[in-house]
Amino acid sequence: MLDIKIIRDNPEEVKTRLKSKLVDCDTAIDRIMVLDGQRRELIFKTENAKSEQNKVSKDIPQLKKAGEDTTEILGRMNALKNEIKAFDDELKQVEDEYTELMLSLPNLPDPDLKPGGKENNAPLRFCGSSKVCDFEPKNHVDLCTDLGLIDYPRGTKLAGNGYWIYRGMGARLEWALLNYFIETHELEGYELLMVPHMLNYECGLTAGQFPKFKDEVYWVETAEDQQRRFMLPTAETALASIHRDEILTEAELPRKYISYTPCFRREGGSYRAEERGMIRGHQFNKVEMFQVTKPEDSDAAFEELVTKAEMLVKNLGLKFRTVKLAAGDCSASMARTYDIEVYIPSMGGYKEVSSVSNARDYQARRGQIRFRREETGKVEFCHTLNGSGLATSRVLPAIVEQYQNADGSVEVPKALRRFMRGKETISKKDILRVQMKNPLSCG
RNA sequence: GGAGAAGUACCCAAGUGGCCGAAGGGGCUCCCCUGCUAAGGGAGUAGACGUGUCAAAAGCGUGCGAGGGUUCAAAUCCCUCCUUCUCCGCCA
């Protein structure tokens with residue numbers, strides 16, 4: 001949520017800055033300006049009436065005790081009551097519309113961002129190099145299928161299109177990635193949180209997904225109670241609400257959290273064809289990093305998160321690049337975003353494995369995440385930042401493609417080996433070995 | 001899932017229609033007194049949000065889990081919801 005004062009003081013500038021994000025909020029802002037005026041006028045009226053009501057109300061008991069006639073005064077009070085009710089009703093209407101519009105406005109992009117969409121994204125740096133293959137490289141779907149890492153058809157059988165099953169060494173590899181990420185973060189002072197995977201509406205509102213994008217998540221409701229919850233689309237949605245409605249002490253900042261969760265997304269009208277396999281599914285795994293900071297510390301925190309994400313990819317030995325997103329490609333809640341994109345040879349391009357963003361005070365305002373500054377004793381909004389660290393489901397395809405050998409086997413990145421009992425290579429032989437050891441495994 | 005009970009300030013807690021912007025205690029802060037391991041005395045302690053303002057301040061409004069309602073007036077009465085606790089049942 002934006003600070004109404006910024007809009008009030010400079011509506012035209014806000015319009016322009018939001019336009020650089022490719023959203024036209026002109027009518028919304030014009031309307032907000034009108035509603036803001038009406039709102040304050042109504043507050044003035046209703047509060048005046050209430051003030052009178054309070055004053056007179058104090059005298060009534062005495063008058064009654066003294067046995068005086070109160071009919072006239074009660075008549076006035078009755079009129080006041082109706083007046084207040086009318087003002088309040090009108091105010092509620094105005095405030096409802098006002099709040100809805102305010103919640104619908106996206107965050108202001110940082111001034112240094114290029115305006116416009118994807119086409120204006122700018123790669124900041126490249127890292128790593130492609131292995132030169134003296135053989136015809138396979139794509140990750142074939143590799144995962146041939147090596148028995150992923151079972152696509154049975155995943156679809158269980159849950160439909162966009163779901164898959166990690167099996168055997170594939171599951172181990174995925175698990176190793178999660179362990180590697182979590183261990184790295186913990187060593188760097190981040191606290192691991194295991195959060196609910198189903199969240200209430202306020203979480204989506206605070207993070208900025210709602211009300212606008214409430215159709216992009218899966219809703220779960222029970223027949224008996226109408227309490228709706230949704231499957232989280234990212235752990236950020238949960239983490240942004242950890243300190244909702246709290247006033248932290250300055251000493252408690254920054255808060256640095258990580259959380260592993262599956263992420264559930266409807267991905268309506270998706271990219272399909274060119275994104276085979278597990279590039280885009282309805283459920284994928286991700287370790288999320290999250291920080292709550294003082295306003296003056298969020299720029300440094302942002303750099304820290306970007307570096308952390310980059311180091312994870314780098315230490316896996318993967319070729320990747322870091323991209324500074326143009327204003328229009330940043331999501332609604334974010335003031336700035338850098339993507340880490342890993343190279344997928346079969347696609348001849350890069351795919352996002354991490355997205356690091358600074359929401360500044362946007363989420364904090366929506367969720368009342370505040371802290372008390374020691375020096376002034378005043379309450380201020382925190383800044384919130386988030387970044388994937390990393391989305392494993394996108395890393396695994398990159399690993400199998402970038403680490404494939406001529407014989408169809410795949411080398412295990414060194415960083416992961418200690419999480420896989422020292423395993424160095426995954427080959428077809430592993431399918432048999434896994435199945436022999438596990439009589440329950442069928443097919 | 002069934003049956004009960006409860007949610008009041010940092011914590012405990014009193015309070016069944018106006019005198020409650022909320023008794024009392026603990027804690028915390030400040031002050032005083034006293035030299036035997038700490039005790040006693042006094043004072044302060046609702047924060048927050050909204051409005052107001054160039055910004056602040058004063059003032060005003062809202063606040064006793066949340067939202068509605070009744071009433072001239074609600075912590076107090078009514079309704080809905082949420083949460084917590086106890087007992088029973090079920091269960092990883």
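Here is the naming used below: chain letters follow the sequence lines, and residue numbers restart at 1 for every chain.
Within the structure, a side-chain polar atom (N or O) of A/Q53 is placed less than 4.0 Å from OP1 or OP2 of B/A73.
When heavy atoms are screened at a 4.0 angstrom cut-off, A/S57 is found touching base atoms of the nucleic acid.
Spacing between B/A66 and B/C49 at atom C1', rounded to whole Å, works out to 16 Å. B/C85 and B/U76: their P atoms are spaced 25 Å apart (whole Å).
Ion pair A/K256/A/E188 not flagged as a salt bridge, since none of the NZ, NE, NH1 or NH2 atoms sits closer than 4.0 Å to an Asp/Glu carboxylate oxygen. A/E304 and A/K308 are not joined by a salt bridge, as no carboxylate oxygen comes within less than 4.0 angstrom of a charged side-chain nitrogen.
Listed by chain and residue number, A/D88 satisfy the side-chain hydrogen bond (donor to acceptor under 3.5 Å, both in side chains) test with A/T46 (two or more places apart in sequence, or in another chain).
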Response to the item:
For RNA chain B, the dot-bracket notation using Watson-Crick and G-U wobble pairs below 3.5 Å, [ ] for pseudoknot-type crossings and | for other-strand pairs, is ((((((((.[[[..)..(.....]]]((((((.......))))))..((((.......))))..[[[[[..)....]]]]])))))))....

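In this structure, the side chain of A/T392 engages the main chain of A/N285 through a donor-acceptor pair within 3.5 Å. When atom types are taken as modelled, the side chain of A/T156 and the backbone of A/N161 share no donor-acceptor pair closer than 3.5 angstrom.
You'll find the ring centres of A/Y260 and A/F181 outside the 6.0 Å limit.
With A/P106 as the partner, the side chain to side chain contact (heavy atoms under 4.5 Å, CB included) test is satisfied by one option alone out of A/C330, A/C25, A/S333: A/C25.
Within residues 80-88 of chain A, the residues approaching RNA chain B are A/K81, A/K85, by heavy-atom distance under 4.0 Å.
RNA chain B is contacted by both A/R372 and A/L74; A/R372 maps to the nucleotide lying nearer its 5′ end (nearest heavy atom per residue). Both A/M77 and A/F44 lie near RNA chain B, and the one whose nearest nucleotide falls closer to the 5' end is A/F44.
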